Amino acid sequence: MASVSAQAQAAPSPAASLQRGIVKMVLSGCAIIVRGQPRGGPPPERQINLSNIRAGAMARRAAQGQPDTKDTPDEPWAFQAREFLRKKLIGKEVCFTVEIKTALGREYGIVYLGRDTTGENIADSLVNEGLATVRREGIRGNNPDQARLCDLEDQSKASKKGLWSEGGGTHTIRDVKYTIENPRNYIDSLHQKPINAIIEHVRDGSVVRALLLPDHYLVTVMLSGVKCPTFKREADGTESTEAFAAEAKFFTESRLLQRDVQIILESCPNQIILGSILHPNGNITELLLKEGFARCVDWSMAVYTQGAEKLRAGERSAKERKVRIWKDYVAPTANLDLKDRQFVAKVMQVVNADAMVVKLNSGELKTIHLSSIRPPRIEGEEKNKDKDKRFRPLYDIPYMFEAREFLRKKLIGKKVNVTVDYIRAATGPGESTPAFSERTCATVTIGGINIAEALISKGLATIIRYRQDDDQRSSHYDELLAAEARAIKNGKGLHSKKEVPIHRVADISGETQKAKQFLPFLQRAGRSEAVVEYVFSGSRLKLYMPKETCLITFLLAGIECPRSSRNMPGGVQVAEPFSDEAMLFTKELVLQREVEVEVESMDKAGNFIGWLHIEGGNLSVALVENALSKVHFTAERSAYYKTLTSAEDACRERKEKIWANYEEKPVEEVVYVTEEKERAANYRAVYVTEICDTLHFYSQDVETGAQLENLMETMRAEIAAQPPVEGSYAPRRGDICLATFADGEWYRARVEKVESPSRVHVFYIDYGNREVVSSTRLAAMPPAFGTRTLPAQATEHAFAYIQVPQDEDVRADVVDCIVRDIQNTQCLMNVEYSGATCPHVTIQFGDTKDDVGLNLVKEGLVMVDVRKEKHLQKIVTEYLNSQESAKSARLNIWRYGDFRADDAVEFGYRR
């Protein structure tokens, strides 16, 4: 029992000067600890015992390691006396006078609440409430303080307060429990609901002793997700203090010690209770991080219920301000400019499950590794199996192929957002590890999706575990940990207990005999699906054939591409001009893309030769069009010869790239004699879908209408099942894509022009109409529904034998008439002759078989375009006779006679 009489065995203070301080802790009903104001560190503190009174002793736990000792319970009303003072004094300013100081240094005095002695006398209040007794032995009659205490005690006895109440006070004795028999079950039973508690002791900034109410469990609680600097006890018994340990402890003490709080008990790994302490003024865990007194710890971060991102944000804030434990902190990306830390790039190649090559806006290629990701790998005995077999990581490491394919399908050719998290320095080779060059590690997102998190959630990669002080990690490390936990729980990918997938892929590159056996199958298959795995040069590629599960070397047919440098028996062969440009062009267009190939033949080395198609385009034609290749004579027997030669002629005329130094040789003039022929009348059924202001129109063949309907139905069903991510598609001129029309349905379209993300000009390839849309209404074209499956159905045509006056009103009348008569109807069409941009045709109504153009001439809406070909003279004469009849009747444009005789430009007409 903490008490002292007025005549204790000590000398009284020579001058009882008034001192001030802030109450840090209440030890019992008659002893408190007072501290000063902090100045550059934790403040000094001293224990003050209240003079002339005594209160009951608090419960004490038996000394550890001494089996003979027992726990000491509370004395009656001891806890209530302590609580009376705790609620009245904790954190408040008091003034006190020291009356007596013992030989052992204990100080006894009078304490007042407030800055001077006019405040409440704490000893008087305790005695008045019956929570302390007065030491009457040795009382001097001339001491008014002692006399007042005695009067207050007599009044308390008369009122039967506290200690003087009936029953002896046994009901006030707590049943303090210092251990929880099964802490895990106890914590689970609380269901993470906040429970009331009093913080009884602060061991360091992140570890406290808490009295849980109302059960009076006295337990040690470690704050979830953080760790503060600590006080370590060395082997020789001395205590070493980590930097800022005392400051962190004071920070927590000054806010929580002996305060009423709520605690969420969150977990209990290895008998360590983890929890979050909630105070009306805030969350101490987040405050410690924000002020630089603590660091995040991964092992307990996962159980933190208040949001791990808040802890990371607090730590990040302290690092940026370089406060306290972070005063010497250097960010992993501190040496990078902002443009190098965050940028948008296009994915050109997926190297493996954690690395990719991207193209920056400047055109530079850069390898990016996903932060904190470890791709699938072989461990233990598996490494030493089949040493004689050629090891192919992509196919031989379990789940490596699935991980690569996941990234390839999601990213190749797409623009992604890259945020660099850290630069991993180059390392030399170790005993069991190879050398690694410097790595740029980053978080890559597309459409708001973190690619690393998606990869881990599917069980296709694992997370790298770090030392606690290793700051080189993903900026979204906690989300990655949560994703891995979900993948483990659901048994996804690498965490599955099922048999690992096996990929038996035959590589027949250079295997002449195998290639010969395989050639007839590829030739009969027509167009076969493939994935471009590697680009050796502009026209030489390695392909993976998924249906046949084999790898082949493929050479582009019909072209002669500049050769790259290569090692020859006689030395290094110098690269031909534009060979590198051709290879880069091919890489950017087809590397790791899904393509279709037509195999025609093979060479002596077992390499297949044929045509490669991607998104409706022919790679051989694309190389020739971009002046990166010449047409080879072997193309003459192919269906693409005319396209190739016309593209080559255009580049040759412009003298682009490989044709820069070309000089045209004089060619002898050859006169061709054409035989006369009869006009062919082969009318076929078409469906007119769109009519332009220029009087050109688009039509669909009725024969292929059912195929288009089936394709549209299947395509829309697939899109409904797997809707595209809005905004993930970046349109590019010439792309074949999907677009939503005004009716809300998806249609196939071609990008004609990109003004901005909100204004993209598209042409609906199956219907012929055009529209300006936002890029959010566009999506990538699934290969199964591209023009390789079904060519574009809308074909452009112009009316034969007729000519429309230039007057805008007259032209509008003609267009309105034709729209009214034939748009969205089935007609009969015959190709009459070729035009500069499209075939010129005659159209007949489906029911009456009347010629639409001839009817326009008869009504005086258009003029006749006179053709000179002899085989067309019969129908031209018929058109001219109808025109003469319209002129005679002064119909429409002929109402003022033959206006063409004026030949005046100002009239707006021309012949």
Side-chain angles (χ1 to χ4, degrees), residues 21-25 27 33-47 64 90-91 197-210 218-259 261 263 269-277 279 281-301 304 310-312 314-330 466-471:
I22 295 172
V23 178
K24 168 189 169 182
M25 187 176 183
L27 298 174
I33 292 178
V34 179
R35 65 170 176 83
Q37 293 290 350
R39 288 183 177 85
E45 56 189 50
R46 59 203 288 193
Q47 179 177 331
Q64 299 295 308
I90 283 296
I198 301 168
I199 305 302
E200 295 289 354
H201 175 68
V202 177
R203 193 179 80 186
D204 59 50
S206 57
V207 180
V208 300
R209 289 280 283 175
L218 190 60
V219 297
T220 300
V221 178
M222 182 178 291
L223 294 178
S224 300
V226 298
K227 184 177 184 296
C228 290
T230 59
F231 305 88
K232 293 182 179 178
R233 190 169 295 280
E234 305 295 343
D236 58 0
T238 59
E239 188 175 73
S240 63
T241 304
E242 294 181 355
F244 295 100
E247 289 86 344
K249 179 181 178 183
F250 174 71
F251 185 86
T252 302
E253 275 184 346
S254 62
R255 287 159 175 79
L256 295 186
L257 184 59
Q258 289 200 331
R259 266 46 171 217
V261 298
I263 300 181
N270 300 323
Q271 303 299 306
I272 300 171
I273 296 177
L274 297 173
S276 297
I277 300 176
H279 188 274
N281 293 337
N283 186 324
I284 192 66
T285 309
E286 296 170 15
L287 287 173
L288 284 166
L289 286 168
K290 190 174 180 180
E291 295 300 324
F293 286 119
R295 66 175 72 243
C296 293
V297 290
D298 303 327
W299 68 271
S300 65
M301 181 82 78
Y304 183 70
K310 295 180 182 178
L311 302 190
R312 293 290 183 196
E315 185 183 59
R316 189 161 53 249
S317 171
K319 287 176 178 177
E320 290 171 356
R321 291 180 287 120
K322 295 189 176 183
V323 293
R324 315 270 166 28
I325 64 174
W326 306 111
K327 62 185 177 66
D328 299 322
Y329 173 75
V330 178
Y466 297 96
R467 297 191 319 272
Q468 194 53 53
D469 59 346
D470 189 351
D471 224 30

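Note that this is a predicted model, so its numbers are computed, not measured.
- Nearest heavy atoms, Met25 versus Ile90: CA-CD1, 3.7 Å.
- Distance alone, capped at 3.5 Å, is enough to place a donor-acceptor pair between the Ser224 side chain and the Gly275 backbone.
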Evaluate the criterion side-chain contact (heavy atoms from CB on, under 4.5 Å) for residue pair Arg203 and Thr230; output intermediate values, then yes/no.
CA-CA 9 Å; Arg203 193 179 80 186; Thr230 59; over 6 Å; no
Going through the distances and angles, do Arg255 and Asn281 end up as a side-chain contact (heavy atoms from CB on, under 4.5 Å)?
CA-CA 9 Å; Arg255 287 159 175 79; Asn281 293 337; over 6 Å; no
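- A pairwise comparison of heavy atoms in Ala294 and Cys228 identifies CB-SG, 3.6 Å as the closest pair.
- With rounding to the nearest 0.5 Å, the separation of CD in Glu291 from CZ in Arg321 is 6.0 Å.
- In this structure, CG in Leu311 is found 6.5 Å from OG1 in Thr285, a value given to the nearest 0.5 Å.
- No side-chain donor-acceptor contact under 3.5 Å links Ser317 to the backbone of Lys290.
- Under the side-chain contact (heavy atoms from CB on, under 4.5 Å) rule, Met222 has a single partner from Asp204, Val297, Ile272, which is Ile272.
- Among all heavy-atom pairs drawn from Phe251 and Phe293, the shortest one is CD1-CE1, 3.4 Å.
- A salt bridge does not link Lys227 to Asp298: none of the charged side-chain nitrogens sits closer than 4.0 Å to a carboxylate oxygen.
- To the nearest 0.5 Å, the span separating CD1 on Ile284 from CG on Leu223 amounts to 7.5 Å.
- Using a 4.5 Å cut-off on side-chain heavy atoms (C-beta onward), Val226 and Glu286 make no contact.
- For the residue pair Val221 and Ala210, the shortest heavy atom distance occurs at CG2-CB, 4.4 Å.
- Across every non-hydrogen atom of Glu200 and Leu218, the tightest pair is CG-CD1, 3.8 Å.
- Panel note: side chain Arg312, backbone Lys310; no donor-acceptor pair is recorded below 3.5 Å.
- Once rounded to the nearest 0.5 Å, the distance linking CD1 of Ile199 with CD of Glu253 reads 11.5 Å.
- Annotation: cation-pi pair Arg233/Phe231 absent, no NZ/CZ under 6.0 Å from the ring centroid and within 45° of its normal.
- Judged purely by atom type and a 3.5 angstrom limit, Arg259 uses its side chain to pair as donor or acceptor with the backbone of Ser254.
- Under a cut-off of 6.0 angstrom, the local environment of CZ in Arg35 is crowded, with over 12 non-hydrogen atoms contributed by other residues, nucleotides or ligands.
- Atom CD1 of Ile263 sits about 12.0 Å away from atom CG of Leu274, to the nearest 0.5 Å.
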Please evaluate residues Lys232 and Glu242 with respect to the criterion salt bridge (charged side-chain N to carboxylate O under 4.0 Å, His left out), reporting the C-alpha separation (whole Å), side-chain torsions for both, the decisive distance (0.1 Å), and the verdict.
CA-CA 8 Å; Lys232 293 182 179 178; Glu242 294 181 355; 3.2 Å; yes
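- Taking each heavy atom of Leu288 and Gly205 in turn, the nearest pair found is CD1-O, 3.3 Å.
- We find the CD1-CD distance between Ile325 and Glu315 to be 7.5 Å, quoted to the nearest 0.5 Å.
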